Structures are given as C-alpha cells and as structure tokens.
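One structure is given here, and the rest of the page talks about it.
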Amino acid sequence: MSEEVFYKSISELEKMLDSRQISAVELAKAFIDRKNAVDSKVGAFISSNEGELLESARKSDERRAAGGKLSELDGIPVGLKDLLAVRGQKLTCASRMLENYVSPYTGTAMKKLENAGALFWGRLNMDEFAMGSSCENSALQTTRNPWDLSRIPGGSSGGSAAAVSAGECAASLGSDTGGSIRQPASLCGVVGVKPTYGLVSRFGLAAFASSLDQIGPFARSVRDAAVVLKHIAGYDRLDSTSANVPVDDYPARLSPDAFAGKKAGVPKEYFSSGMDPEVRVIVEKAVEKCGELGAEIVEVSLPHTDLAIPVYYIIATAEASSNLARYDGIRYTHRSSKAGDVVDVYFKSRAEGFGEEVKRRIILGSYVLSSGYYDAYYLRAQKVRTLIRRDFENAFESVDVILAPTSPTTAFKAGEKSSDPLSMYLSDIFTINVNLAGLPGLSLPCGFASDGMPVGLQMIGKTFDESNLLSYAYAYEQACGWNRCNPKL
Ligand code: GLN
C-alpha cells in the first residue's frame, strides 16, 4: 500500500477497494492514523467516531465481498461539518449553545450518502452557526490552514476544507450561505461546490439563512466532488424549497473538451481594487488557460456587485435572527444555571450560549425586521437582491459560464481580522452574490502565491447547470493539475 493513501482521490480509492488492494477497514484505519498524526496541528475535527467508522467499514467490506457494492462511494470516509444531522451523533454548530446536543434524526443529504455506502468520519469545525470567514468564530476550537499553520483555513466550513486538504478524510460536506464552501476551498487548495439553491435538500442542516443556505461537497478533484454531489442531490419533500429537477450523472458527463465552442464571461467589477495583485494575476492566467482550452473569453458586467455585501448582511441576519430564536434554553440547548425565573432563562441562556458574532447578527437582524425599519432595510434589500439576480440573468444571455476569483486574498494570518468584523465580511465579496442569485458556483485550485498559499478560481454556472459547470472545471483541472499539490504536514 502506498504511504500516502490518504492523499488519493475517491476514484483511485474505489479502484483499490474493488481490486482488494486495500480493504475498507484498512482504509478507515489509514484515515484514523492520519487524523491522529496531524489533527493536533490542524484542528479540523471537533469530535471523531473511530469505533463507528471501523464498524461501518467492516460492513462495507462484507458488501463488497458479497458482490453488493452500493456505489462508487462504498467504503469511502466522508467528514461532516458540525451542523449536519446524523442520528445519534453530536451536532454542535461549534456553539456552546449546542455543545451537548445529539441529533435525533439523520438529514436527507446524509441519509443519501449513507445509502450510497459512504462512511461518516468525524464532525468538522466551523464558525459558530456558520457565521464567519475564518473559523475563528468557533466557540469550541481553532482550525489552522494545512499549508501554513499560522494562517486561517477560511470559513465558515474551515474544518471541512482543512480536513480534506490535510488528507484526514477523502471528501467532506459543508454548507455555503455566502461563500462558506468556496472560500475555504480556495484558501486550502481543494475543490468546493455550492449547488444551485434547491438542488440539495436542506433537511437536517441547522439553518442560518434559509433562503441562501446550501449543502455541498469538498473534495480533492472535480470528479470526486461530482461523485459526491450526484449522491446528495435530488428532490426531497421534507424541504419545502427543494427543487423537483432531474439529477444528472455528473461524473459521467465530465469532458476535457467542455470549453470548446463555449463563451466564458469575466465580470469587470470583480477585478477592481481591494484585490491582492498577485491573486489577480494568477486568476487572470487561469482565465487565459480556459481560453486556450477553447473558450471564447468575453467581458461581462454585474453592475450591482458592490451592493452584494450590504444586501447579504441585511437578509442573512434577518433570517438568522428568526432561525436562531429556537435556541432558547428551554428545550434542547444550553440552559443557564444562574437563571431565577423563566424570562431569566431566555436572557441568561442566550447570553451565555451565543458568541459575539452570533449576537451581533441576531441584534442586526432583529433591527432590520423591526417595524419602522422593515421597509427601509429589509424590503429594499429584497429589491436589490432581485437586481443582483437580473445582473446574472443578463450576463448569462451571452455567456455559458462566468470565471472569477473566489477570494480577494490568500489565507490571512490567524488574528489578523478577528477584531474587525467589517474587513472579515469583505472576504466574501466575490462569493456572496452567487447565493443571493441562487446560482451554482465552485472553487478549484489554480495556482500558488509567493507566500506559498493556494489560490482558487471560481466558476459560476446557470441555474441547475451543474453538469456543464463541473465539466468546465474538470477541463481546467485536467489541463493544469493544481489539485495534485498537497501540503507538507
Ligand atoms: N462569511 C459569510 C458570513 O459570515 C458567509 C458564511 C456562510 O456562507 N455560511 O456570513
């Protein structure tokens, strides 16, 4: 067995499992060993379930031996962001509020993974309730970037990105409300996909901003991400916003010639000031490469881009203030031991259970929804959201895909932005409007800056056009292979 089995792609691991070069139990042990070797430095795992993993690996081996492999994911260990429900597993949202909460049910995307034979491996760190861009808002622990341990992994799904980047799991799931899959994927040098709103059921995803949240995969290659997405996507009557659309066989549709005869748009507003000049050059080179691969590169305009952050921080906080009202100290959450009466239970439990950023957002969200301010803020933000969506509709009349940076900088140093929420909010400037428009977007590695840190290329697709979107990314990845670089840990 190769020493670096933990750096292999799902497709490679599947071949090894099929040819009996390795068993699922041996593979599970390799990931457990890897986690034990590096996670004291990386800090991706909030908790892990070695016993359960080995037991499910044993069952996977039995299935294969009996000729009953469930899918290409059978026996593959997949990590979960700690806001995704699996029956009997803890679900903390990286918050003191839910530190001891255990899910009574399994969410749809996770159920589908289980039915495909994937093995759940660990609960991965995140910003508390998915609010943040660096993982530093986790109330439970610190996660570091595997490429440089003095830097942040991005957020909010920083643990999911770091775990894949460090070879601690073969793939993982995260959630993306304003960039939380694409931004950490970019900063950790892995592939991350945010599907079209409604493609993947949100049942069993702890809600942050329900009109923006989507579950999606992190993986070591575009093909791997396509495999995971294929298995988690699809209509679910348990999510009222789930879309009843057919799910393509994404991995089967990948083509190295995907760009031939296609038009790729580059938004002029995305290459403006505020962007690290080195990141800009690397992304521009990646765009050129897509041109060499057959795409006609054209400039497009998304004129309302600069309104995306203010609009997002009105809509997302409004929804969060409502969604987080359920954490009241009465039912399943942290309850203050200092409370005297019932009102005190609410106040003290929420004061103790929520971190600073979460409180800031609940207060902001309550304010923009309050009578007298609702029209001035919330309603206007909804109108601008429509304008942002129309910007994309107009652009997609003339192009097939949009190419852009994922993040304006490489991973920053831990502590650099944690005391300045506004500068933290700006790290999502290129990802947020994709959520506001409900479109699919992905990030894939496209080079390294001189500080040694990975840079991501963002590709934004048409609604429910994941098949083509993944195929463009695959074509670029096949030609460049940046995804095959791994951190030295
Ligand atoms: N960083 C953004 C925020 O703090 C997006 C988070 C996310 O996508 N969950 O809200």
Side-chain angles (χ1 to χ4, degrees), residues 80-84 93-95 124-139 143 152-161 172-188 192-195 197 200 202 205-218 308-321 323-324 354-365 368 381 385 406-409 411-412 416-418 420-443 456 458 460:
L80 299 177
K81 184 176 182 178
D82 208 2
L83 46 43
L84 299 168
C93 289
S95 179
L124 303 170
N125 198 25
M126 53 184 279
D127 287 294
E128 184 175 6
F129 286 104
M131 298 172 183
S133 308
S134 68
C135 250
E136 291 166 299
N137 292 336
S138 169
T143 301
I152 54 93
S156 65
S157 316
S160 301
S172 63
L173 293 187
S175 65
D176 191 313
T177 307
S180 279
I181 291 177
R182 289 158 290 156
Q183 186 256 20
S186 170
L187 271 38
C188 289
V193 183
K194 184 216 93 75
Y197 185 78
V200 178
R202 290 182 295 110
L205 160 68
F208 161 14
S210 312
S211 78
L212 301 159
D213 298 341
Q214 269 292 285
I215 298 173
F218 288 88
I309 289 197
V311 164
Y312 171 87
Y313 278 95
I314 291 171
I315 293 175
T317 57
E319 293 184 21
S321 71
N323 274 326
L324 271 60
F354 289 137
E356 285 233 325
E357 183 61 27
V358 176
K359 285 180 192 157
R360 180 160 31 240
R361 295 197 189 197
I362 292 173
I363 292 168
L364 187 58
V368 300
R385 181 177 187 173
T406 307
S407 162
T409 61
F412 40 91
E416 200 177 310
K417 298 190 181 180
S418 43
D420 180 358
L422 281 182
S423 90
M424 189 74 88
Y425 295 174
L426 286 172
S427 23
D428 298 306
I429 180 125
F430 300 135
T431 48
I432 269 179
N433 57 2
V434 176
N435 300 70
L436 289 167
L439 298 170
L442 58 78
S443 180
Q458 185 178 201
I460 304 163

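Order of appearance sets the numbers: ligands from 1, and atoms from 1 within every ligand. Everything numeric here is computed off the predicted structure, so don't read it as measured data.
Shown here are the ring pair (Phe, Tyr, Trp, His ring centres under 6.0 Å) partners of F412, two or more places apart in sequence or in another chain: there are none. Looking at residues two or more places apart in sequence or on another chain, you find no salt bridge (Lys or Arg N to Asp or Glu O under 4.0 Å) involving R385.
At a heavy-atom cutoff of 4.0 Å, ligand 1 is surrounded by A130, M131, G132, S133, S156, D176, T177, G178, G179, S180, F208, Y312, Y313, R361, D428.
E319 and S211 are linked by a side-chain donor-acceptor pair at a separation below 3.5 angstrom, with hydrogens and angles left out of the test. Side-chain atoms of S180 and K194 include no donor-acceptor pair closer than 3.5 Å.
For residues 354-365, the set of pairs meeting the salt bridge (Lys or Arg N to Asp or Glu O under 4.0 Å) definition, not counting sequence neighbours, comprises E357-R360, E357-R361.
N137 places no side-chain N or O within 3.5 Å of a backbone atom of E128 that could act as its donor or acceptor partner.
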